[in-house]
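Because only heavy atoms are used, hydrogens play no part in the values below, and waters and symmetry mates are left out as well, while side chains stay in.
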Amino acid sequence: MSVTSKERLIHQYVRERFPDREVQVPHRTTLSKVWREWFGPGGGRQRYVRSAAAAAAAWRPEATVHVSRPGQVVVLDTTPLPVKVLDDVFAEPITVHLTIALDACTHSIVAFRLTPVAESAVEVAMLLRDVLLPLPMRPDWGPETEWPYPGAPAALVAELAGHPVAGLPFFAPETVTSDHGAVYKSHHFVQAAATLGIDLLPARAMRPPDKAACERAFAGIQSLLLELLLGYRGIDIADRGCDPESDATWTLSEMEHLLATWIVKVWQNRRLDQYAPAWDPGGRHSPNTLFTAAAARDGICLEIPPPELYYQLLPVHFVRIDARRGVKIGGLWYGARSPVLEPHRGRLSGRGGRHAGKWAVHRDPRDCRQVFIELDGAWHELFWNGLPPGQEVPAFSDARVGDVLRQAGKAGLKPRSDAQLLPVLLGLVAAKTPVDAWPTQMTRQQKTDRARELARARAAALDRPASAPPPEPSLQEARALHRQATAAVEADRRRRRMAAVPVPPPAPPLLADSVRAKNLFLLPDEEQDTPGAADTDWAGEKS
């Protein structure tokens with residue numbers, strides 16, 4: 001915890017405990033000196049000194065990337081949130097991870113995600129999708145948080161997005177910089193970046209300055225917001241209190257809403273002292289003013305991606321369609337009762353190359369109750385064969401699918417259909433137990449795992465585009481009348497044109513004909529010579 005945050009807490013303590021007396025609180029510098037005398041100097045030492053020195057020696061000045069416009073470089077990074085939060089199911093304290101996308105030019109936090117477990121590739125891919133999407137306004141946000149940037153009116157942006165847009169930049173990133181974590185080097189993340197047309201520029205090993213802005217953003221979020229919340233566990237046992245888990249009061253959804261509100265209202269309007277632009281080093285600039293200056297200089301390119309982008313960013317599996325059971329993804333069968341597969345059952349696709357004859361099926365690992373396939377230009381859902389018709393089954397992830405298959409193998413089950421695996425799944429997720437009996441029937445680890453699984457499934461449902469409702473009969477009739485009126489107007493215009501010009505004008509000559517007519521060095525064709533002219537020439541020569 002920073003000395004400034006400690007000073008704020010001391011002021012709050014003195015104000016609440018001694019409301020009637022004027023107690024003088026020492027200045028921040030005095031507190032810093034006393035704290036250093038009591039607890040010793042803070043800060044951490046650099047690790048791997050030799051490796052860092054070798055990396056510094058290999059650094060070349062020409063390898064530096066100079067950022068000059070928004071979206072040119074977007075930095076991604078993940079860190080454990082230093083605040084214990086309560087899950088939305090059992091109200092148990094859990095640890096979540098915060099992943100942010102920071103624009104290197106304006107230092108705007110253009111997107112963020114809170115995941116109840118360590119981030120996966122699909123969640124980072126959805127974070128890239130969030131960078132392209134405008135942030136919708138929330139019910140408790142006032143008009144001061146609406147779209148404030150010039151060049152694109154708020155009404156136009158809201159019309160393109162379909163909802164009122166908050167004051168947070170969105171754009172198509174050109175380059176993404178990240179560390180060498182397993183998630184950022186996975187095949188799925190690389191494929192998602194290729195789908196969006198984004199270049200990957202990993203940070204150099206042992207070179208923190210490559211992501212210094214993102215690390216500084218994490219420190220700013222911690223010192224300006226997270227240190228003041230209950231349940232803060234910090235990085236030192238002297239700062240976290242006796243029991244931060246008992247102090248946790250913020251739920252996962254409340255923490256996500258708090259971070260979104262703080263980013264829009266505080267971070268985007270906070271002055272950047274150490275990140276002033278080169279063209280105005282002494283000015284007062286914030287992420288919003290920097291984006292405004294860039295928009296006034298280069299303009300804003302509004303390109304809102306279609307909802308189908310969600311399916312394209314999911315992991316893809318290339319499989320064959322069985323005539324009776326559908327498609328098999330991750331050990332489970334999908335689409336046995338789906339009518340959209342009827343014309344394609346038992347047939348090969350037109351795909352060639354490595355996956356010749358196979359069909360591309362996309363699956364969200366956070367919710368394995370359905371998969372998605374694109375047929376005839378439209379996306380369709382294929383539900384798990386083990387789902388009972390007309391009944392709700394709790395969401396389960398790919399990790400739960402692995403547990404189900406292992407438990408079925410240990411029990412000696414050889415199911416002929418996926419419907420026989422449903423009791424094993426319900427036993428693992430404790431869906432047969434009433435909610436009131438969950439705390440006594442499940443251990444704390446089981447409750448934590450189940451709450452995290454439901455949180456990921458809820459995030460997957462929010463990412464999934466809502467199916468468009470069928471148009472109302474009145475709207476269909478209005479569209480039909482509009483088409484009839486348009487056809488009638490075009491027919492009347494055609495009739496008046498024919499009446500004004502009864503004889504159509506001749507077609508203009510071809511370009512080749514006009515060139516041949518003007519060419520002085522072109523010999524005439526023999527069939528074009530007239531016999532009278534030949535006789536006259538012969539007669540003159542004879543005479």
With [X] via side-chain contact (heavy atoms from CB on, under 4.5 Å) - residues at least two apart:
X	result
Val316	Phe318, Ala360, His362
Glu374	Trp379
Arg337	none
Val157	Trp147, Ala152, Val165, Phe170, Leu302

Q. Which residues satisfy the side chain to side chain donor-acceptor pair (under 3.5 Å) test with Ser178, sequence neighbours excluded?
A.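 Side chain to side chain donor-acceptor pair (under 3.5 Å) check on Ser178 returns nothing, list empty.
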
Q: Look at the side chain of Asp322 and the backbone N and O of Val327, then say whether any donor-acceptor pair between them is shorter than 3.5 Å.
A: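 Side chain of Asp322 to backbone of Val327, a donor-acceptor pair under 3.5 Å: no, none is there.
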
Q | Residue pair Leu313 / Leu196, side-chain heavy-atom distance below 4.5 Å | A |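 Yes - at least one pair of side-chain heavy atoms lies under 4.5 Å apart.
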
**Q.** Intermediate values then yes/no, ring pair (Phe, Tyr, Trp, His ring centres under 6.0 Å), Tyr149 and Phe291
**A.** CA-CA 8 Å; Tyr149 308 110; Phe291 188 79; 4.7 Å; yes

(Q) The test is side chain to side chain contact (heavy atoms under 4.5 Å, CB included); show your working for Leu128 and Leu76 and say whether it passes. (A) CA-CA 9 Å; Leu128 291 179; Leu76 303 184; 3.9 Å; yes

Tell me whether [X] is salt-bridged to [Y], with the criterion being a basic N under 4.0 Å from an acidic carboxylate O.
X	Y	value
Lys6	Glu227	no
Arg464	Asp364	no
Asp140	Arg138	no

(Q) So, using ring-ring contact (aromatic ring centres under 6.0 Å, His included) as the criterion, who are the partners of Trp359 when residues are at least two apart? (A)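 Partners of Trp359 by the ring-ring contact (aromatic ring centres under 6.0 Å, His included) criterion, ordered by chain and then number, come out as His344.
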
